[in-house]
Amino acid sequence: MNSAREGDGSLATTLAPETALAPMPRTAGVGAAAWLRTALNGIDWAARGVIVAALIGELGVVLTDVTIRFLFTQSLLWSEEASKLCLTTLAFVGGASAYRARHHTAIQFVTRFFPERLRQAIAVAIDTLILAVALIALYVSFDLLSVAATSRTPILQISAAWLVLPFTLGMSLIALFALERLALDHARPMALAVVPAVGVLIAAVAAVGALPVPQPGGGTALGIMLILFFAAVLLGLPVSFSMLLGSLFFLQITDSAPLIAAAQNTVDGTSHFVLLTLPFFIWAGLIMEKGGISVRLVRLATALVGHLRGGLLQVVVVTIYLVSGISGSKAADVVAVGSVLRGELRRQGYRPEEGAAVLSAAGAMSETIPPSIAMLVLGSVAPISIGTLFVAGLLPAAVIALFLMIAIHVQAWRNGTPQGPRASLAELMGAIAGAVLPLVMPAVMIVGIKFGYATPTEVSAVAVLYGIALSVAVYRSIGLRRFFSIAVECGLLAGMVLFIIAAAGSFAWTLAAANLPAALVQMLHLMGDSPALFLIGSMVLLIVVGSLLEGLPALIILGPLLLPIANTLGIDSIHYSMVILLAMGIGIFIPPIGICFYIACAVAGSDVEAAAKTMLPYLAVLILGVLTVAFVPWFTHAVPRLLGGG
């Protein structure tokens, strides 16, 4: 089973980001263990304070830059350098705190079939591996700090070492938190048994530069590295650490580059200015979600389609379509909509597995609805216009939503489910009035980015400000304490996502150094250079790998590799992006290993096996919908052409 937090098999923990500090251990008792836990809690609080300060500070910088440019047609020249420092801080300090809060995605599907003692042993091994990765990365980061200290940034003229320091700090924190788990969180016999192994591990890390290792050929080394990577992922090592492990391992057993290259490319993975849109959109979505926005959009969807057969299930699909334009996160969409509609679905006689299946299918459908995090990530790692992606994704998602609604209607008709009453005109107008302000934000984002009034980063910052104003001044649903809690939650979630992106940057560089793109091109030639086969093969690849790697890492790794191949076959980048985004969406919701499928089951209170069986017809509809989008490019290009995008 997948779990949104590695090392935790409980589905309940996937319902919302875990922002609480680590509890007192079951076996630690008092004394030294309690003192150690208290000290680490203090360190974690300090790290979270740094994360929130980085978020608020960068928001102030971007909004100030927008204001100065609007009033005086000038810009803050140093804002991009400040943004890089903010991003590296969020990625590595935030990623470390996210690790302690058990945010980092891990797969538990394989290990759940193992005996309890074996699962405990694997959990200890996983935390030992994380400690190893953190210590080796920390070791090589000192060399990177030394190199960076010899240069200065162009505008601020500060030492470039400041941009590397968060990486060193983050690896130090992860090592501390991994030791905490090994010493305090695991069963006492397990923890004691691993202490000698940790001592040997630290000694090995200290001598890593001098360790004699065999150096197989490039193809053999790549094969060994990929086997190690997927084995680690399937046994529960969080995907971000699996990618770092793979990069370090490959560089250690080959002469491609020194280990410092892994650290350098990990830091460079957060250097894209557009990545600031991620924490800002996550922040805006959390603010508006906690501010009661989801309820207003559910009311609108109910007024529009609640009278159709399978009414509430139809409402789920429409609401997911609407909410996706605000939160940007599929997990957040499922939690927001499912938690609001769960009780009503039960009251009207819908089985929990029906709700879970439709929640999953609708979540997969919505991957191309702006401001999807996957779109922002793809636009940051490939030369694609984010504004064009935003407008191009609306119609493909609508087509698949229509397919799902037809499937729901047919299922309801076969089951004899009666139609509900149609909303009165007064109810419809009231629902529209309540949803106007929430829907202004995605509309402004799309128009602002598409027509060049602002960059994606600036629009996302304005979205945060708009969400604060709406939730605090209009709905009066968020106070100062709640605002800080949301900022911490945002920092942890953004830290986890950015840490994955950073690790994937290093992993993608390693795959390129191992000539994997050339191998993919050769495989393509063996398939006959057929665009149709390439599209279908891409769909299968993204569904499978996306389910294993929780979507985003698969997109970061495969997107830059596959897009150039698609272009050589005459498939344009925007159209191909829609296909791989939708396929990735199916992957993260597909039973039995898609992470968001389990989140949907937890929200709906459904048995996993029953939901998986109920999901099968909707899965067939999703695949049919993606094939339709893939082989009818008009659905992708219609809206951009209508808006003058070519």
Side-chain angles (χ1 to χ4, degrees), residues 84 88 91-92 95-96 129-153 159-175 200-229 232 237 240-272 381 499-519 553 556-557 560-561:
K84 287 182 179 179
T88 53
F92 302 117
L129 267 179
I130 291 174
L131 176 62
V133 169
L135 288 175
I136 294 172
L138 178 63
Y139 176 80
V140 298
S141 75
F142 294 132
D143 289 337
L144 186 59
L145 273 173
S146 300
V147 173
T150 62
S151 60
R152 294 186 173 273
T153 60
S159 172
W162 283 103
L163 301 178
V164 179
L165 185 60
F167 177 72
T168 302
L169 181 59
M171 293 303 106
S172 303
L173 290 172
I174 290 171
V200 173
L201 175 69
I202 294 173
V205 170
V208 71
L211 287 177
V213 293
Q215 298 210 340
T220 303
L222 175 62
I224 296 173
M225 186 263 281
L226 290 177
I227 291 172
L228 173 67
F229 169 72
L237 182 65
S240 50
F241 294 103
S242 297
M243 289 188 287
L244 280 176
L245 175 65
S247 298
L248 292 167
F249 177 81
F250 181 83
L251 294 177
Q252 181 66 9
I253 67 171
T254 66
D255 58 358
S256 301
L259 285 179
I260 193 175
Q264 180 66 67
N265 285 285
T266 303
V267 174
D268 289 346
T270 63
S271 63
H272 302 287
V381 299
F499 191 86
I500 290 175
I501 292 173
S506 176
F507 194 61
W509 181 90
T510 303
L511 293 177
N515 293 319
L516 182 62
I556 297 165
I557 295 168
L561 297 179

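Keep in mind that this is a model prediction, so the values were computed, not measured.
- For D143, the side-chain hydrogen bond (donor to acceptor under 3.5 Å, both in side chains) test picks out no residue, with sequence neighbours left out.
- A 4.5 Å side-chain heavy-atom check between L259 and L248 finds at least one atom pair inside the cut-off.
- For the atom pair CG (L169) and CD1 (I174), the distance works out to 10.0 Å, reported to the nearest 0.5 Å.
- Within the structure, every pair that satisfies the side-chain hydrogen bond (donor to acceptor under 3.5 Å, both in side chains) test and touches residues 499-510, not counting sequence neighbours, is listed here: S247-S506, S247-T510.
- In this structure A161 satisfies the side chain to side chain contact (heavy atoms under 4.5 Å, CB included) test together with L145, A148, A149, S159, sequence neighbours excluded.
- Taking the six-membered ring wherever Trp is involved, the centroid distance between the rings of F250 and F507 does not fall below 6.0 Å.
- For L163, the side chain to side chain contact (heavy atoms under 4.5 Å, CB included) test picks out K84, L85, T153, with sequence neighbours left out.
- For residues 163-175, every residue pair satisfying the side-chain hydrogen bond (donor to acceptor under 3.5 Å, both in side chains) rule, not counting sequence neighbours, is listed here: S141-T168.
- Contact between P258 and L251 at its shortest, heavy atoms only, is O-CD1, 3.7 Å.
- Listed by chain and number, the residues in a ring-ring contact (aromatic ring centres under 6.0 Å, His included) with F92 are F167 (sequence neighbours excluded).
- In terms of modelled atom types and a separation under 3.5 Å, the side chain of T150 and the main chain of S146 share no donor-acceptor contact.
- Minimum heavy-atom separation, A175 to L131: O-CD1, 3.6 Å.
- Residue T266 comes nearest to A503 through the heavy atom pair CG2-N, 4.3 Å, listed as atom of the first residue, atom of the second, then distance.
- Counting all heavy atoms, side chain and backbone alike, L222 lies closest to A514 at CD1-CB, 3.8 Å.
- In this view, L228 and L245, F249 satisfy the side chain to side chain contact (heavy atoms under 4.5 Å, CB included) rule, not counting sequence neighbours.
- In this structure, the side chains of V140 and Q264 stay at 4.5 Å or more apart for every pair of heavy atoms.
- Atoms OH and CD1, from Y139 and I260 in turn, are 11.0 Å apart once rounded to the nearest 0.5 Å.
- Interatomic distance, OG1 of T88 versus CG of D268, reported as 11.0 Å (0.5 Å rounding).
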Start with the C-alpha distance between L511 and M225, add both sets of side-chain angles, then the distance that settles side-chain contact (heavy atoms from CB on, under 4.5 Å), and finish with yes or no.
CA-CA 10 Å; L511 293 177; M225 186 263 281; 3.8 Å; yes

Begin from the C-alpha positions of I136 and M171 and carry the test side-chain contact (heavy atoms from CB on, under 4.5 Å) through to its verdict.
CA-CA 9 Å; I136 294 172; M171 293 303 106; over 6 Å; no

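- Note that the CG atom of L138 and the CG atom of L173 stand 10.0 Å from one another [nearest 0.5 Å].
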